Amino acid sequence: MLIRSDQIHILAASIEWSFTVRCTEFLKRRFPDWAKGQTSKELTLFVSEIISFGKKYEIRSQRSLQNLMFLEVKYSFLSDEKLVGAIAQILSYPDRPDDLKLNYLHKQIIHIHSIK
(Lines give C-alpha, C1' and ligand atoms only; values in the text may rest on other atoms or scores of the structure.)
Protein backbone atom coordinates (compact mmCIF):
# COMPACT_ATOMS: atom_id res chain seq x y z
CA MET A 1 0.00 0.00 0.00
CA LEU A 2 1.36 3.37 -1.03
CA ILE A 3 0.32 6.63 0.60
CA ARG A 4 0.21 9.56 -1.79
CA SER A 5 1.51 12.97 -0.76
CA ASP A 6 -2.00 14.47 -0.90
CA GLN A 7 -3.14 11.81 1.57
CA ILE A 8 -0.23 12.69 3.87
CA HIS A 9 -1.23 16.37 3.74
CA ILE A 10 -4.84 15.51 4.57
CA LEU A 11 -3.70 13.34 7.48
CA ALA A 12 -1.36 16.07 8.75
CA ALA A 13 -4.17 18.66 8.57
CA SER A 14 -6.48 16.31 10.46
CA ILE A 15 -3.88 15.74 13.17
CA GLU A 16 -3.23 19.48 13.47
CA TRP A 17 -6.97 20.21 13.69
CA SER A 18 -7.38 17.59 16.43
CA PHE A 19 -4.46 19.15 18.29
CA THR A 20 -6.00 22.62 17.89
CA VAL A 21 -9.27 21.40 19.40
CA ARG A 22 -7.42 19.84 22.36
CA CYS A 23 -5.52 23.08 22.90
CA THR A 24 -8.64 25.25 22.83
CA GLU A 25 -10.10 22.96 25.50
CA PHE A 26 -6.83 23.26 27.45
CA LEU A 27 -7.10 27.06 27.32
CA LYS A 28 -10.71 26.99 28.51
CA ARG A 29 -9.79 24.75 31.47
CA ARG A 30 -6.49 26.39 32.39
CA PHE A 31 -7.42 30.04 31.77
CA PRO A 32 -11.20 30.24 32.11
CA ASP A 33 -11.31 34.00 32.75
CA TRP A 34 -9.18 34.74 29.70
CA ALA A 35 -10.90 32.18 27.47
CA LYS A 36 -14.46 33.27 28.24
CA GLY A 37 -13.66 36.61 26.63
CA GLN A 38 -12.71 34.83 23.40
CA THR A 39 -14.92 33.38 20.69
CA SER A 40 -14.24 29.87 19.37
CA LYS A 41 -12.79 31.43 16.25
CA GLU A 42 -10.47 33.65 18.31
CA LEU A 43 -9.30 30.69 20.40
CA THR A 44 -8.63 28.67 17.26
CA LEU A 45 -6.71 31.57 15.73
CA PHE A 46 -4.68 31.99 18.94
CA VAL A 47 -3.76 28.29 18.95
CA SER A 48 -2.87 28.42 15.23
CA GLU A 49 -0.60 31.42 15.81
CA ILE A 50 1.19 29.65 18.65
CA ILE A 51 1.60 26.51 16.52
CA SER A 52 3.07 28.62 13.68
CA PHE A 53 5.37 30.40 16.11
CA GLY A 54 6.46 27.04 17.55
CA LYS A 55 7.17 25.61 14.10
CA LYS A 56 9.47 28.55 13.41
CA TYR A 57 11.65 27.39 16.32
CA GLU A 58 11.00 23.64 15.86
CA ILE A 59 8.85 23.49 18.98
CA ARG A 60 6.20 20.92 18.18
CA SER A 61 5.26 18.86 21.22
CA GLN A 62 1.85 19.44 22.75
CA ARG A 63 3.34 20.18 26.15
CA SER A 64 5.83 22.72 24.79
CA LEU A 65 3.21 24.46 22.67
CA GLN A 66 0.88 24.63 25.66
CA ASN A 67 3.74 26.17 27.65
CA LEU A 68 4.04 28.82 24.94
CA MET A 69 0.28 29.40 25.21
CA PHE A 70 0.63 29.85 28.96
CA LEU A 71 3.43 32.39 28.48
CA GLU A 72 1.46 34.30 25.87
CA VAL A 73 -1.77 34.38 27.90
CA LYS A 74 0.04 35.43 31.06
CA TYR A 75 2.65 37.84 29.66
CA SER A 76 1.78 38.64 26.00
CA PHE A 77 5.43 37.99 25.25
CA LEU A 78 5.00 37.88 21.47
CA SER A 79 4.14 41.57 21.37
CA ASP A 80 6.69 42.67 23.99
CA GLU A 81 9.23 44.83 22.18
CA LYS A 82 11.79 44.32 24.94
CA LEU A 83 11.81 40.58 24.26
CA VAL A 84 12.03 40.50 20.46
CA GLY A 85 15.77 39.87 20.26
CA ALA A 86 15.85 37.58 23.28
CA ILE A 87 13.08 35.33 21.96
CA ALA A 88 14.96 34.46 18.77
CA GLN A 89 18.24 34.02 20.59
CA ILE A 90 16.79 31.78 23.31
CA LEU A 91 14.59 29.63 21.10
CA SER A 92 17.14 29.23 18.29
CA TYR A 93 19.85 27.94 20.61
CA PRO A 94 21.16 24.71 19.03
CA ASP A 95 20.95 21.32 20.73
CA ARG A 96 18.89 22.59 23.65
CA PRO A 97 15.72 20.65 24.48
CA ASP A 98 12.41 22.51 24.28
CA ASP A 99 11.81 22.41 28.03
CA LEU A 100 15.14 24.11 28.76
CA LYS A 101 14.56 26.76 26.08
CA LEU A 102 11.07 27.48 27.41
CA ASN A 103 12.21 27.57 31.03
CA TYR A 104 14.92 30.07 30.12
CA LEU A 105 12.44 32.11 28.08
CA HIS A 106 10.06 32.15 31.05
CA LYS A 107 12.86 33.41 33.32
CA GLN A 108 13.72 36.17 30.86
CA ILE A 109 10.08 37.22 30.58
CA ILE A 110 9.79 37.39 34.37
CA HIS A 111 13.01 39.40 34.53
CA ILE A 112 11.82 41.88 31.89
CA HIS A 113 8.44 42.25 33.60
CA SER A 114 10.07 42.82 37.00
CA ILE A 115 12.04 45.83 35.71
CA LYS A 116 9.10 47.56 33.99
Side-chain angles (χ1 to χ4, degrees):
M1 180 155 126
L2 183 64
I3 298 177
R4 297 187 324 260
S5 84
D6 60 329
Q7 291 172 314
I8 291 171
H9 291 297
I10 291 169
L11 180 60
S14 174
I15 290 168
E16 188 167 313
W17 177 250
S18 175
F19 176 71
T20 299
V21 170
R22 285 193 314 274
C23 287
T24 57
E25 292 305 314
F26 161 80
L27 290 167
K28 290 176 186 177
R29 280 190 319 274
R30 185 75 162 80
F31 309 103
D33 292 337
W34 178 84
K36 74 179 171 191
Q38 309 291 321
T39 65
S40 292
K41 186 175 182 177
E42 289 169 330
L43 286 172
T44 300
L45 180 61
F46 176 83
V47 171
S48 294
E49 288 172 352
I50 295 295
I51 291 170
S52 294
F53 177 81
K55 283 180 183 177
K56 181 178 175 180
Y57 294 103
E58 298 182 9
I59 296 171
R60 292 187 165 91
S61 77
Q62 179 172 332
R63 182 176 180 204
S64 295
L65 290 167
Q66 287 176 339
N67 283 337
L68 284 173
M69 290 174 206
F70 161 77
L71 294 173
E72 181 59 16
V73 168
K74 184 160 181 160
Y75 301 106
S76 299
F77 77 96
L78 291 174
S79 59
D80 191 330
E81 294 178 12
K82 293 182 180 180
L83 286 167
V84 171
I87 291 170
Q89 187 176 19
I90 293 166
L91 297 181
S92 297
Y93 197 87
D95 301 322
R96 182 179 283 170
D98 289 354
D99 59 335
L100 290 178
K101 288 193 257 187
L102 294 174
N103 285 338
Y104 188 66
L105 177 62
H106 192 180
K107 288 177 184 177
Q108 290 302 307
I109 291 169
I110 290 169
H111 174 72
I112 294 293
H113 278 259
S114 70
I115 59 174
K116 282 188 175 180

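Along the sequence shown, residues carry numbers from 1. Note that the structure is predicted; figures quoted are calculated from it, not measured.
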*Could you go step by step and tell me if Y75 and L83 meet the side-chain contact (heavy atoms from CB on, under 4.5 Å) rule?*
CA-CA 11 Å; Y75 301 106; L83 286 167; over 6 Å; no
*L102 vs I59, side-chain contact (heavy atoms from CB on, under 4.5 Å): CA-CA, chis, key distance, verdict*: CA-CA 10 Å; L102 294 174; I59 296 171; 4.2 Å; yes
_What verdict does the side-chain contact (heavy atoms from CB on, under 4.5 Å) test give for Y93 and Y104, after you've listed the backbone C-alpha separation in whole Å, the side-chain angles of each residue and the deciding distance to 0.1 Å?_
CA-CA 11 Å; Y93 197 87; Y104 188 66; over 6 Å; no
_Under 3.5 Å donor-acceptor, S92 side chain and Q89 backbone_ = no
*To the nearest 0.5 Å, tell me how far E81 CD sits from I112 CD1.*
12.0 Å
*Find the distance between OG1 (T20) and CG (L65) and round it off to the nearest 0.5 Å.*
9.5 Å
*To the nearest 0.5 Å, tell me how far L78 CG sits from I87 CD1.*
5.5 Å
_Applying a strict under-4.5 Å side-chain criterion to I, L, V, M, F, W and Y, I'd like to know whether I110 and L68 cluster together._
yes
*Any chance you could measure K36, atom NZ, to K28, atom NZ, to the nearest 0.5 Å?*
14.0 Å
*Measure across I90 and K101 and return the closest heavy-atom pair with its distance rounded to 0.1 Å.*
CG2-O, 3.4 Å
_Apart from L45 itself, residues in the same hydrophobic cluster as defined by side-chain heavy atoms under 4.5 Å_ = none
*Heavy atoms only: give me the nearest A35-L27 pair and the separation to one decimal.*
CB-O, 3.8 Å
_Hydrophobic cluster of V21, others only, ordered by chain and residue number, side-chain cut-off 4.5 Å_ = W17
*Are the charged groups of E25 and R22 less than 4.0 angstrom apart, N to O?*
no
*Kindly say whether I50 contributes a backbone atom to a donor-acceptor pair with the side chain of E72 at under 3.5 angstrom?*
no
_Checking R60 against S64: is there a side-chain donor and acceptor pair closer than 3.5 Å?_
no
*From F46 atom CZ to W34 atom CH2, the distance as rounded to the nearest 0.5 Å*: 4.0 Å
*NE2 on H106 to CG on N103, rounded to 0.5 Å*: 8.5 Å
*Ignoring hydrogens and geometry, is there a side-chain-to-backbone donor-acceptor pair from S76 to S79 under 3.5 Å?*
no
_If you apply the rule side-chain contact (heavy atoms from CB on, under 4.5 Å), what do you find for Y57 with D98, and how did you get there?_
CA-CA 9 Å; Y57 294 103; D98 289 354; over 6 Å; no
*Q108 side-chain N/O to L105 backbone N/O, donor-acceptor pair under 3.5 Å*: no
